[in-house]
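So that the names make sense, note that chain A is the first sequence line, chain B the second, and so on, each numbered from 1.
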Protein chains: 2
Amino acid sequence: MVTIRDVAKHAGVSPATVSRVVNGLVGYSDETRERVETAVQSLSYETDYLARGLKTRQTSVIGLLAPMVSDALASQVMQGVEEEAQERGYAVMLGRTGAKSAYIAGYLRTLRTYRAAGVILISAVITPETRQLLGPNVPIISVAISDKSGSPSVAIDDEQAAYDATRHLLRLGHRRIGQLTGDPASIYVAQPRKRGYPRHDRSRLHPGDRHRQLLLRKRRRRRGRTAAAGARPHRDLRDERRDGRRRRQ
Amino acid sequence: MVTIRDVAKHAGVSPATVSRVVNGLVGYSDETRERVETAVQSLSYETDYLARGLKTRQTSVIGLLAPMVSDALASQVMQGVEEEAQERGYAVMLGRTGAKSAYIAGYLRTLRTYRAAGVILISAVITPETRQLLGPNVPIISVAISDKSGSPSVAIDDEQAAYDATRHLLRLGHRRIGQLTGDPASIYVAQPRKRGYPRHDRSRLHPGDRHRQLLLRKRRRRRGRTAAAGARPHRDLRDERRDGRRRRQ
DNA sequence: CTGAAAGCGCTTACAG
DNA sequence: CTGAAAGCGCTTACAG
């Protein structure tokens, strides 16, 4: 393996100077720089990240933890993270937060000992333990869950999203609307979603949709039997249903 | 950070001995082992992978290169690789072989300088350049493309698969069968797929399927106009079509 | 502008 | 069974 010493010898300078040039620091003449660069080229020298990381206490590794690697949302995020990381010279290390949260501790420990430059958490909550396992100096970013603990996060307003999605269906004239929030015990965003849904009331319906609603009502009557055979709506939807019925009377 | 020296001091032994115990080597008394383990526990010592890797010239990192992170097949493979890796104490480093093959060189270089223990290549061909960039000591495994260069690979027989898939359709009585192989210039498996398809001839049809074929033929006649309006079959399929027609005469 | 030196945290012959 | 020492390849005050 070609080391910084080899380059130094080849260029007739000290290893310290090679390091400075390679890292783009200050403190060398143009001529020196050129000699070093030539030597780097002809020996095809490559910095040893392990050695550098050991010395500087930091590598260009970033940790990327997802619930599942093959998760649909996570895949998309991972793809994006990977693209940007590679563009900026970072390497991405993969991990799963998975079902067993014991796993995540292991990954975090690994990332710390590889001196990761930062960690991106997809669909996972940053707990005090997370912080502690990673040490105080590793930045954490959470994606898809907005963090309350002070870390930056990239996420949507889940409550508002539930509200908007429901409104969309209401505008289309639908009245029997189910909501699948996920189990609040394990799906963190279930709560805000559950809050967003019932914020609706009749007065919020868009007035311009009257016509369309009439159409839909007719169509529904025609499909009467099919509709009646449908699944019973979720308990939380009772109010909306009653609301819809009253309008029809 | 807790180092091996701290543990050594705490346990009243030398760093060398701590290293031996931690790595499960031979050469220490039971009593020593216990003292070291206690010290490791109470200080919650964690091996520095960077330092170890620098010394041993090998880390527990394995590289995982896929065409796209969000690719459907790759996602599944990645998930599996990640599970097994984590079980065995390896960390997975991500990379994309992507459209630009120039990228892959960068990843391979990175993996070499992180002293990766091995590399898994999904849907990519192992070229001499691959080998060269990674150095002679890093094992490479290719997935989804069977390697001819001597590396182990996990893949299906694409030619046979194309043959089998075609046979399946033939058995169902279909005669107008298109094949989407992908562009042979960029999709490596297009060639074997293309070979597998036309290996069929009439005599290979499963005799037990006669009855079903008759049924299908009737049905097809009924839908005559629709069928006629369908897309023209691929040029490569002409023989199969003619074959099918003759049987009807 | 440049180099000698120390040290990051570990491992591993070597010697006892 | 155990320890002192050298060294992996780099960076960075320090001194000039």
Side-chain angles (χ1 to χ4, degrees), chain A residues 1-37 39-40 43-61 89 109-117 135 137, chain B residues 1-37 39-40 43-61 89 109-117 135 137:
Chain A
M1 195 194 184
V2 183
T3 74
I4 212 169
R5 304 183 75 93
D6 300 324
V7 177
K9 210 168 294 174
H10 194 98
V13 297
S14 74
T17 296
V18 175
S19 174
R20 289 193 192 99
V21 173
V22 165
N23 290 296
L25 306 180
V26 292
Y28 42 82
S29 68
D30 271 12
E31 198 235 324
T32 301
R33 181 179 49 70
E34 257 174 55
R35 285 230 306 287
V36 171
E37 283 171 349
V40 166
L43 301 178
S44 53
Y45 164 75
E46 211 97 44
T47 304
D48 185 311
Y49 291 165
L50 253 35
R52 175 188 279 172
L54 178 60
K55 186 65 186 161
T56 63
R57 325 186 74 80
Q58 164 121 194
T59 59
S60 292
V61 167
R109 247 183 247 115
T110 300
L111 287 169
R112 189 178 42 144
T113 172
Y114 275 114
R115 296 267 162 64
N137 299 320
Chain B
M1 196 198 184
V2 183
T3 74
I4 213 170
R5 305 184 75 93
D6 301 324
V7 178
K9 210 168 292 174
H10 194 97
V13 297
S14 75
T17 297
V18 175
S19 174
R20 289 193 191 99
V21 173
V22 166
N23 290 297
L25 305 182
V26 291
Y28 43 81
S29 66
D30 271 13
E31 197 232 324
T32 300
R33 181 180 49 69
E34 258 174 54
R35 286 230 305 286
V36 170
E37 283 172 350
V40 165
L43 300 179
S44 53
Y45 164 76
E46 211 97 45
T47 304
D48 186 311
Y49 291 165
L50 252 35
R52 174 188 280 172
L54 178 60
K55 186 63 186 163
T56 63
R57 326 186 74 80
Q58 162 120 194
T59 60
S60 292
V61 167
R109 246 182 247 118
T110 299
L111 286 171
R112 189 177 44 142
T113 172
Y114 275 113
R115 296 265 162 64
N137 300 319

Which residues in residues 1-11 of chain B have a heavy atom closer than 4.0 Å to any atom of DNA chain C? Thr3(B), Ile4(B)

For the OH atom of Tyr49(A) and the OG1 atom of Thr56(A), what is their distance to the nearest 0.5 Å? 12.0 Å

Just verifying a value: how many Å separate Ile4(A) CD1 and Leu43(A) CG, rounded to the nearest 0.5 Å? 12.0 Å

Side chains of Arg112(A) and Arg109(A): closer than 4.5 Å at any heavy-atom pair? yes

Approximate separation, where rounding is to 0.5 Å, of Thr32(A) OG1 and Glu37(A) CD: 11.0 Å

Taking 4.0 Å as the cut-off, does a side-chain nitrogen or oxygen of Tyr45(A) come that near to OP1 or OP2 on dC10(D)? yes

On DNA chain D, compare the nucleotides closest to Glu31(B) and Ala16(A); which residue's is nearer the 5' end? Glu31(B)

Rounded interatomic separation in angstrom, taking CZ from Arg115(B) and P from dC10(C): 17 Å

Note, Arg35(A) side chain near Val13(A) side chain (heavy atom, < 4.5 Å): yes

Starting at the 5' end of DNA chain D, what dot-bracket string do you get if Watson-Crick and G-U pairs under 3.5 Å are bracketed, crossing pairs use [ ], other-strand pairs use | and unpaired bases use dots? |||.||||||||.|||

For Ser60(B) versus Gly89(B), what's the shortest heavy-atom pair and its separation? CB-O, 3.5 Å

Can you find a pair of side-chain heavy atoms, one from Leu50(B) and one from Leu54(B), that are under 4.5 Å apart? no

Length of the line joining Leu25(B):CG and dT11(C):C1', which is rounded to integer Å: 9 Å

Taking atom OH of Tyr45(A) and atom CG of Asp6(A), what is their separation to the nearest 0.5 Å? 9.5 Å

Distance between C1' atoms of dG16(C) and dT12(C) (Å, rounded): 16 Å

When the distance from OH of Tyr28(A) to P of dG16(D) is rounded to whole Å, what number comes out? 25 Å

In this structure, OG1 of Thr47(A) is separated from CG of Asn23(A) (nearest 0.5 Å) by 6.5 Å

Rounded to the nearest 0.5 Å, how far apart are OH of Tyr114(A) and OG1 of Thr59(B)? 4.5 Å

Output yes when at least one side-chain N/O atom of Thr47(B) is less than 4.0 Å from OP1 or OP2 of dC10(C), else no. no

Under 4.0 Å, heavy atoms only, any strand: does Val13(B) hit a base, just the sugar-phosphate, or nothing? sugar-phosphate

Taking atom P of dC10(D) as reference, at what distance in whole Å does atom CG of Asp48(B) sit? 17 Å

Go through the structure and list residues passing salt bridge (Lys or Arg N to Asp or Glu O under 4.0 Å) with Arg20(A), not counting sequence neighbours. none

So what does Glu46(A) touch, heavy atoms closer than 4.0 Å: a base, only the sugar-phosphate, or nothing? sugar-phosphate

Keeping to residues at least two apart or across chains, list the salt bridge (Lys or Arg N to Asp or Glu O under 4.0 Å) pairs with something in residues 47-56 of chain A. Asp48(A)-Arg115(B)

Ordered by number, residues from residues 17-24 of chain B within less than 4.0 Å of DNA chain D (heavy atoms) are Thr17(B), Arg20(B)

Contact list for DNA chain C against residues 49-60 of chain A - heavy-atom distance below 4.0 Å: Leu54(A), Lys55(A), Arg57(A)

Please find the pair of heavy atoms, one from Ala8(B) and one from Pro15(B), that lie closest to each other, and give the distance. CB-N, 3.6 Å

